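First up is the structure itself, then whatever we jot down about it.
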Amino acid sequence: MDKNMYCNGEWIGADLDRIKVTNPATGEVIGSVPNGGKSETKQAIAAANEAFKGWSKKTANERASYLKKLYELVVNHSDELAELITKEMGKPKQEAAGEVGYGASFIEWYAEEGKRVYGETIPASHDNKRLHVWKQPVGVVAAITPWNFPAAMITRKVAPALAAGCTVVLKPAEDTPLTALRIAELVEEAGFPKGVFNIVTGAPDVIGTELMENPIVKKVTFTGSTEVGKLLMRQAADNVKKLSLELGGHAPFIILDDADVDKAVQGVVASKFRNAGQTCVCANRIYIQPKIYDAFIEKFNQEVDKLIVGDGSNDNVHIGPLINQSAYEKVDRHVQDALKQGAKLVTGGSGFEQEGAYFYKPTILKDVRDSMLIMNEETFGPVAPIQLIQSDEEAVQLANQTPYGLAAYVYSEGLSRGMKVVEALDYGIVGWNDGLPSVAQAPFGGMKESGLEREGGHHGIEPFLETKYVSIGL
Ligand code: SIN
């Protein structure tokens, strides 16, 4: 499957060197995309800039009708998109189908939300003045998206940007550009005006530098590591570019002793093993109180033992491969470090390589301590470390003891007890008795070093809008 880049309504880059795309479950090359660079990025930015003139002048209803067409096309091509996601990213096919539905929900939501971009009228201090606040699109937006959700992280950024009247240059992850380019084909089929949506593939540093330095780009929206987010912030300083950053997480999963243990087990399994633990919001540290510690571990182990690891295109598989060798090495390093420092292995604890593909068994570690690597760094793999805690205060103190602040989870059946813990957590998202809180209509994003701004809900369109105050003298 060889695809080219999408720029100004044309498919470009057939003459460039190619980057191979491989299936992380088999090591097999499944396609290629052009190795675009500075000049293609400039071309895409110029196209988006030209298209902005017309797109920003369309009514919200007109923009919504294009987005609705795209939504229908994505839904009608769900099976095909899900198959492609499994092939280039590795997640099991039921999860890939879930991702397509999740991704489509952002297009549907923002098609409508664009119609509710309201300004304000402010009471004036003098009877000969009228004070207004207008909302206007920021301009050309650059979106840089990760490999772990090859469809949904695109639609979560691009749909609100387009609904707001912005035009977009997208740089998808090098590992998963094929889903992005298939979405571009659907954008073309939906009849969007040329230049409104463009995709550049290739070396991230070269493309990223042009996107950050080019003064035409007014806003950059990025999902990825905190390290790269910090680099983008430094680069953005030179022309004061607006930024939305969805960065790393290190989610605490707190289970208080008044929790419903069965519910908590279901919640951890969903949060921890979704996408083989390769999500920014997945449980990375599990804290449990003594009264339910052993009972929880026993039931959790029973559920984890049912999870099957393998190629996600097979029907019964729950856990696909890790994205590459360095991801595998990091996961194993965290496990070995914990074992060396005295953690006990409940299940799993090793992985295997198969023809260049890297799999890791779902792993539970108990009696973990907060000095261990795994309790301090994002693992991005199917490993559940469990630490015994004594009090609610200790849970909060350990949970907040990190530079990250994306997602946290609390399991407690007590209203005031749960409420006090939830309120004290420095996290942008808290799942209270809920292991899967992400939805299109709610804000997604982090505090502290986990990012800036929010995606999703009415909050997610604001970062693509400028606020203009207009004072009118009569
Ligand atoms: C992510 O891992 O960044 C996205 C997860 C989600 O949307 O739930």
Side-chain angles (χ1 to χ4, degrees), residues 82 85 89-92 94-110 143-160 170 172-173 175-176 179-180 221-229 232 243-253 267-284 319-320 322-323 327 330-331 377-383 404-409 427-432 434-457 459-460 463:
I85 290 173
M89 191 265 131
K91 68 178 64 172
Q94 311 87 302
E95 260 193 60
E99 181 184 339
V100 177
Y102 179 47
S105 71
F106 289 101
I107 308 175
E108 187 188 33
W109 171 266
Y110 283 108
I144 306 175
T145 53
W147 53 264
N148 61 342
F149 287 84
M153 296 305 101
I154 292 176
T155 56
R156 189 157 81 181
K157 294 177 190 318
V158 172
L170 170 72
D175 292 305
T176 58
T179 307
T221 170
F222 167 76
T223 294
S225 70
T226 295
E227 194 192 340
V228 175
L232 296 182
L243 284 178
S244 286
L245 302 174
E246 299 300 341
L247 308 178
H250 198 253
F253 201 111
V268 182
V269 170
S271 168
K272 177 69 258 181
F273 298 108
R274 173 181 176 220
N275 209 10
Q278 301 174 110
T279 79
C280 304
V281 290
C282 70
N284 214 122
I319 304 210
L322 295 173
I323 191 71
K330 183 177 192 193
V331 171
E377 286 181 10
E378 193 174 23
T379 307
F380 242 57
V383 183
Y404 297 111
L406 185 56
Y409 304 86
Y427 285 81
I429 304 165
V430 181
W432 180 357
D434 183 5
L436 290 174
S438 310
V439 283
Q441 66 271 31
F444 183 104
M447 296 184 185
K448 303 199 293 191
E449 294 191 13
S450 286
L452 298 174
E453 303 285 7
R454 294 294 182 268
E455 295 182 328
H459 318 80

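Because the structure is a prediction, the values reported are computed rather than measured. First listed ligand is number 1; within each ligand, the first listed atom is number 1.
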Practice item. Compute whether any side-chain donor of one residue and acceptor of the other, for Ser244 and Lys157, lie under 3.5 angstrom apart. Key: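 Per modelled atom types, Ser244 and Lys157 side chains form no pair under 3.5 Å.
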Exercise for review: Name the closest protein heavy atom to atom 3 (O) of ligand 1, giving the residue it belongs to and the distance to 0.1 Å.
Suggested key: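 Answer for atom 3 (O) of ligand 1: Cys280 SG, 3.2 Å.
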[X] contact mode with ligand 1 (heavy-atom cut-off under 4.0 Å):
{"X": "Gln278", "answer": "neither"}
{"X": "Asn148", "answer": "side chain"}
{"X": "Ser438", "answer": "side chain"}
{"X": "Glu246", "answer": "neither"}

[X] side chain to [Y] backbone, donor-acceptor under 3.5 Å:
{"X": "Glu455", "Y": "Gly445", "value": "no"}
{"X": "Lys330", "Y": "Gly381", "value": "no"}
{"X": "Asn275", "Y": "Asn148", "value": "yes"}

Point to revise | For Thr279, the ligand 1 atoms whose distance to one of its heavy atoms is below 4.0 Å | key: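 Listed by number with element: 2 (O).
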Practice item. Run the numbers for me: atoms of ligand 1, each under 4.0 Å from some heavy atom of Tyr102, listed by number. Key: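 Every atom of ligand 1 under 4.0 Å from some heavy atom of Tyr102: 6 (C), 7 (O), 8 (O).
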Check your understanding: Going by the angle between their ring planes, with limits at 30° and 60°, are Phe380 and Trp147 parallel, tilted or perpendicular?
Key ->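 Phe380 and Trp147: perpendicular rings.
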Review point. So, Arg274 and Glu95, do they make that salt bridge, N to O below 4.0 Å?
Key: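 A salt bridge is absent here (no side-chain N lies under 4.0 Å from a carboxylate O).
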Exercise for review: Check whether any N or O atom of Thr223, backbone or side chain, sits under 3.5 Å from an N or O atom of ligand 1, and answer yes or no.
Suggested key: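 Not met; the criterion fails.
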